[in-house]
Amino acid sequence: MTIAAMQGIVKRYGNELALDYVDLSIHEGEIIGLLGPNGAGKTTLIHTLLGMIPFDKGSIQLFGRTEKVFSHENKQKMGLVTQELTVFEDLTAKENLEFFAGVYGLKGEERKKRVEEALAFVGLSSNAGKTPAKFSGGMKRRLNIACALTHHPKFLIMDEPTVGIDPQSRNHILETVEKLREQGTTILYTTHYMEEVQTIASRVVIVDQGQIITEGTVNELIANIQHEEKINIDVSTPGDVPVERLKGLEGVKNVHVDGSTVQIISTVGSGNLDRVLSLVKETSGVVGIQAEKPDLEDVFLTLTGKQLRDGEEE
Amino acid sequence: MTIFTFALKRIFKDKTNLIFLTLFPVAAIFLPEPEYWPLLPYGYHYFGVLILFVGIRLTGLLVEDRQKGVVKRLAAAPVTHFQYLFQNLLAFSVIVIAQCIFMIAGGVIYDHELHEPLLLLILFIVFSFTAIALSLAWNSLYRNKETSFLVFMCVIIIMALLGGIMMPIEMLPDVLEQLAVIFPTYWLAEGMEWVVMGEDTADFLLINGVLLLYTLLFLIIGSIRRMG
Ligand SMILES: Nc1ncnc2c1ncn2[C@@H]1O[C@H](COP(=O)(O)OP(=O)(O)O)[C@@H](O)[C@H]1O
Ligand SMILES: [Mg+2]
């Protein structure tokens, strides 16, 4: 089932084109990784999709509705984790959650239960009575996420939820996303860290300068730009490498021996690593192995001619 | 009514607010009665100024929400911006009404000569609404709560002096005296004078009517949505 769809969305800020004819469909149960450098238009895309800002052209569908898409009924089914920390500094973690739960219509015992649950979910139960001022960056981020969870959204939109935090908190958040997916939540996950997308996304959408430049699973995107696979194997006795037998293996295109390293070049998706390795192991003893695999960074580089992290001061 | 409840909660969590809302009015009640001017006990004139301070402090919550991006976040939630504003303003109103009742009841118990305590209560409540609306409009011009508050303090002092609640308006040069009608404080001072000496009810209605018109005007200015 299609949860959300954008067709031909154009959004301008003055003369600047922030979204340039964007088409995007999101299906139930997916984790979409929306990847793009700073200023690509990710936040604008999200805010448009949620009806928070007007757009200039195109149409949006949510939960099968094409009219009154931004009704309270539809908003009720969605949750937004904002890029900035948008929590009340003067309220405790628990009160913050109570507020947002209340705004989404939860009352009494139910609200209490959901608040406890959300606190536990992001690992803040023991800090429930503290105000965000006393929190570390990672804890604030987790509170910011929890505020979008109490009403159990079917469709959760997370705008760079891991910006500027330590690796441990980041892993905690990624695990949280994983748990949410297991519970059946559809997630639109925005980030400019390709490692995150590579770990959790079932589908990746890459945006740059307000345009969707490509989409697909991580493997598809990589396969699209990849024409061959290279494996380098360090061996103990290079003289014994059975070059001809290796060349005879399915998918192998070429074999070079260079010093104690054997380089094997195969066609894409040949899946012959197992056979190659066992043959080399039998004959020459494997000492080390490196596979040169392109990643999403290479995909971005290939498609745009620039680095994903260009212009970032990290 | 979540937004309403939490607005109250946040106001009472702030210690400075508590001082403004409890200590200052109590102190005002105990101020002496003047000999010649003003007509009402000093404390009730100071209370007019206090109401302006309370107004800017209460509506400061909304600036904070905008600063923190909470307002933006709420745009994704199933509440309208109007509901958000309305519930907050309702909370502020409940607080100022309670404060006005406290101030008048305190005076009656303390045996001040308030002439028409009930009409004075109505006047203060109406002026409180004007103060809240004015602060709302004022705050909508600022992104930063502190700047907004600081500049508004000067405005309050000017309005208090030139509006005739801190000194007799007759002491001002003619030009300023005529200019004074533009300040809501002028109408408060007029109202207080009416409570002591007024006869024609229509005058009292007119005074409150002007204050309510101001309220409406400021509410419109203040509620024009600023998301930025
Ligand atoms: N409120 C705004 N007013 C004017 N320009 C904006 C505004 N918000 C974003 N932009 C511009 O739109 C582009 C996309 O921004 P944004 O959606 O925030 O990108 P991202 O979230 O991918 O970093 C940027 O060039 C940014 O400068
Ligand atoms: Mg962004």
Side-chain angles (χ1 to χ4, degrees), chain A residues 13 43 46-54 62 68 70-92 94-108 111 115 131-133 140 144-145 147-148 150-151 153 155-159 188, chain B residues 1-21 56-92 95 139 143-146 149 224-228:
Chain A
Y13 288 115
T43 301
I46 285 174
H47 287 179
T48 311
L49 186 59
L50 280 162
M52 295 163 69
I53 51 173
L62 289 172
K68 294 196 182 145
F70 305 123
S71 65
H72 285 183
E73 192 192 334
N74 271 352
K75 284 185 168 181
Q76 180 73 38
K77 295 180 192 160
M78 300 193 283
L80 170 68
V81 178
T82 47
Q83 182 175 347
E84 283 86 29
L85 296 164
T86 47
V87 295
F88 297 102
E89 294 286 341
D90 48 352
L91 295 179
T92 65
K94 191 171 167 214
E95 288 166 338
N96 264 291
L97 293 183
E98 285 168 352
F99 175 85
F100 285 105
V103 163
Y104 280 90
L106 295 166
K107 292 190 184 78
R111 184 172 86 170
V115 167
T131 55
K140 283 184 190 170
N144 199 42
I145 293 173
C147 288
T150 51
H151 65 290
F155 179 29
L156 180 67
I157 297 169
M158 307 177 87
D159 196 354
L188 178 62
Chain B
M1 291 304 271
T2 307
I3 295 171
F4 170 78
T5 332
F6 275 83
L8 287 182
K9 202 172 214 167
R10 291 170 68 203
I11 289 161
F12 289 124
K13 269 193 160 200
D14 185 322
K15 305 238 160 40
T16 320
N17 280 343
L18 289 181
I19 294 176
F20 272 95
L21 292 173
I56 193 78
R57 283 210 62 89
L58 296 182
T59 52
L61 275 192
L62 306 180
V63 188
E64 219 168 275
D65 287 359
R66 202 166 56 226
Q67 239 172 308
K68 292 302 300 174
V70 175
V71 176
K72 215 169 196 175
R73 185 170 201 158
L74 286 175
V79 281
T80 59
H81 189 66
F82 176 78
Q83 284 169 325
Y84 164 79
L85 266 184
F86 177 77
Q87 291 193 29
N88 272 300
L89 291 175
L90 191 64
F92 305 159
I95 287 176
N139 276 333
R143 274 177 191 281
N144 182 298
K145 189 175 128 185
E146 281 69 35
F149 186 72
I224 293 170
R225 188 171 186 166
R226 285 167 56 98
M227 288 258 307

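Protein chains get the first letters and strands the later ones, always in sequence-line order, with residue 1 at the start of each.
What you find for A:Leu80 and B:Ala76 is that their closest heavy atoms are CD2-CB, 3.9 Å. A:Glu95 and B:Phe6 get closest at one heavy-atom pair: O-CE2, 3.4 Å. Across all their heavy atoms, A:Val81 and B:Arg73 have their closest contact at CA-NH2, 4.0 Å.
With chain B as partner, the option from A:Gly79, A:Cys147, A:Ser71, A:Gly105 having the largest number of non-hydrogen pairs under 4.5 angstrom is A:Cys147. Between chain A and the options B:Gln67, B:Lys9, B:Met1, heavy-atom pairs under 4.5 Å are most frequent for B:Lys9. Of the residues considered (B:Gly69, B:Ala77, B:Pro78), B:Pro78 shows the highest number of contacts with chain A, using heavy-atom pairs under 4.5 Å. Contacts with chain B were tallied for A:Leu85, A:Ile157, A:Leu91, A:Thr82; A:Leu91 has the most, counting heavy-atom pairs under 4.5 Å.
No donor-acceptor pair closer than 3.5 Å links the side chain of B:Lys68 to the backbone N or O of A:Glu84.
Judged as a side-chain hydrogen bond (donor to acceptor under 3.5 Å, both in side chains), and not counting sequence neighbours, B:Thr2 has no contacts. Not counting sequence neighbours, the partners of A:His151 by the ring-ring contact (aromatic ring centres under 6.0 Å, His included) test are A:Tyr104. Every residue two or more places apart in sequence or in another chain that forms a side-chain hydrogen bond (donor to acceptor under 3.5 Å, both in side chains) with B:Thr80 is listed here: B:Gln83.
Interface remark: A:Glu89 contributes side-chain atoms only to the contact with chain B (heavy atom separation under 4.5 Å). Using a 4.5 Å cut-off between heavy atoms, A:Asn96 does not touch chain B at all. Residue A:Ala101 does not touch chain B at all, counting heavy-atom pairs closer than 4.5 Å. In this structure, chain B has a heavy atom under 4.5 Å from the side chain of A:Phe100, while its backbone stays farther away.
More than 12 heavy-atom neighbours from other residues, nucleotides or ligands sit within 6.0 angstrom of NZ on A:Lys140. By the neighbour-count criterion of 12 heavy atoms within 6.0 Å, atom OH of A:Tyr13 is densely surrounded, having more than that number from other residues, nucleotides or ligands.
The contact list for residues 12-21 of chain B toward chain A, using heavy atoms and a distance under 4.5 Å, reads B:Lys13 by residue number.
For B:Arg10 and A:Phe99, the positive end is not near the middle of the six-membered ring at less than 6.0 Å and at most 45° from its axis.
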message: Assess the residue pair B:Lys72 and A:His47 against the criterion (side chain to side chain contact (heavy atoms under 4.5 Å, CB included)); give the C-alpha distance rounded to whole Å, side-chain angles, the decisive distance to 0.1 Å, and a yes or no.
response: CA-CA 9 Å; B:Lys72 215 169 196 175; A:His47 287 179; 4.1 Å; yes
